[in-house]
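The structure appears right after this line, and notes come after that.
Order of the sequence lines fixes the chain letters, A, B, ..., with proteins taken first and strands second; residue numbering starts at 1 for each chain. Quick caveat: nothing in here was measured; it's all calculated off a predicted structure.
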There are 2 protein chains.
Amino acid sequence: MADTDPTETHRSIGRELKKGSLELVVLSRLVRGEAYGYEIVSELSARTQGVFDITDSTLYPVLYRLERAGFVSIRWETQNRGVPRKYYQITPKGLTELAALRAEWSRYVGAIQQLLTSGD
Amino acid sequence: MADTDPTETHRSIGRELKKGSLELVVLSRLVRGEAYGYEIVSELSARTQGVFDITDSTLYPVLYRLERAGFVSIRWETQNRGVPRKYYQITPKGLTELAALRAEWSRYVGAIQQLLTSGD
DNA sequence: AGCATATATCTTGTAGTACAAGGTACTTGC
DNA sequence: GCAAGTACCTTGTACTACAAGATATATGCT
């Protein structure tokens, strides 16, 4: 077993940081207007200069969760040219959730900031 | 199967938010001086007014990970009165890691902030 | 003495999650 | 024809926070 790799200290920090904030980010995007999955993936990476870099196999389960909870609604667009697209829109319930997530995020970031700058 | 609970939307948001930032928080605490597990648990909750609330069964695996990676060192203190305490100190390697985690955290928070305030 | 409570550590099992890897379907360019 | 890009979805894996429980020592109460 290759269990004693000295270089295997912290495989990927950012991976775990995304947990819990993905819903917030996606819902926040949908406030600006409807969008489809593939669009969101490439947009997030571009807008954050690659910091928030996710794959489609990460996003689709997120969208499915949001849909199942009633935070987004779906509209299929089978256009003449190209693969059919599944457009997602934020619902009133989703807007409420977004406000809660924003508050939670602020509280959490504030708490960590307080811990990091504890010059006590 | 109780799978269709309407009230089961987002069990606990904060739970997932902690992932990836626990190492940062713990190492940051140890810069102020050595501490033992039970102490850290109660201190974090108090310092953040209950926002960053973890249990000991969450912290101990974290400390074990940090120790295994060489980011903290251990000193047992078997005093006359009370249960023996396991004191943790941050190592030079841990200080380097802390700097990296701080940078990663800043980048990540900055990226999200940018996404949330995109008035475009 | 007996027993609950607080301190302090550790282990096991569970649910949730990001992501790699792969699959399907349609369209355009070579 | 066929590779590459777009766009969707599924399965399996590694990691994680945490509940639940176990263990040991000391103090307070009856």
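Rounded to whole angstrom, the span from the CG atom of B/Leu59 across to the P atom of C/dT9 amounts to 9 Å. Remark: P of D/dT25 and CH2 of B/Trp76 are 12 Å apart, rounded to the nearest angstrom. Computed from coordinates, the B/Ile40 CD1 to C/dT7 P distance equals 16 Å when rounded to whole Å. Atom CG of B/Leu44 and atom P of D/dC18 are 12 Å apart (whole Å). Between the CG atom of A/Leu63 and the C1' atom of C/dT17 there is a distance of 15 Å, given to the nearest Å. To the nearest angstrom, P of D/dT6 lies 6 Å from OH of A/Tyr38. Separating the NZ atom of B/Lys86 from the P atom of D/dT23 is a distance of 19 Å, rounded to the nearest angstrom. Going from atom CD of A/Glu43 over to atom C1' of D/dA7 covers 16 Å, rounded to whole Å.
A salt bridge links A/Arg32 to A/Glu43: at least one charged side-chain nitrogen sits closer than 4.0 Å to a carboxylate oxygen.
The side-chain contact (heavy atoms from CB on, under 4.5 Å) test applied to A/Ser73 returns A/Gln89, A/Thr91, not counting sequence neighbours. Applying the side-chain contact (heavy atoms from CB on, under 4.5 Å) test to A/Asp56 and every residue at least two apart in sequence or in another chain returns A/Val41, A/Tyr60. For A/Ser57, the side-chain hydrogen bond (donor to acceptor under 3.5 Å, both in side chains) partners are A/Thr55, not counting sequence neighbours. Every residue meeting the side-chain contact (heavy atoms from CB on, under 4.5 Å) condition with A/Ala111, not counting sequence neighbours, appears here in chain and number order: B/Thr48, B/Val51. By the side-chain contact (heavy atoms from CB on, under 4.5 Å) test, A/Glu77 pairs with A/Arg75, A/Gln79, A/Tyr87, sequence neighbours left out.
Dashed line: the shortest gap from a side-chain N or O of B/Tyr36 to OP1 or OP2 of C/dA8 is under 4.0 Å. The side chain of A/Tyr60 places an N or O atom within less than 4.0 Å of a non-bridging phosphate oxygen (OP1 or OP2) of D/dC8.
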Reading 5' to 3' through nucleotides 18-26 of chain C, protein heavy-atom contacts under 4.0 Å coded B for base, S for sugar-phosphate only, - for none: BBBB---BB
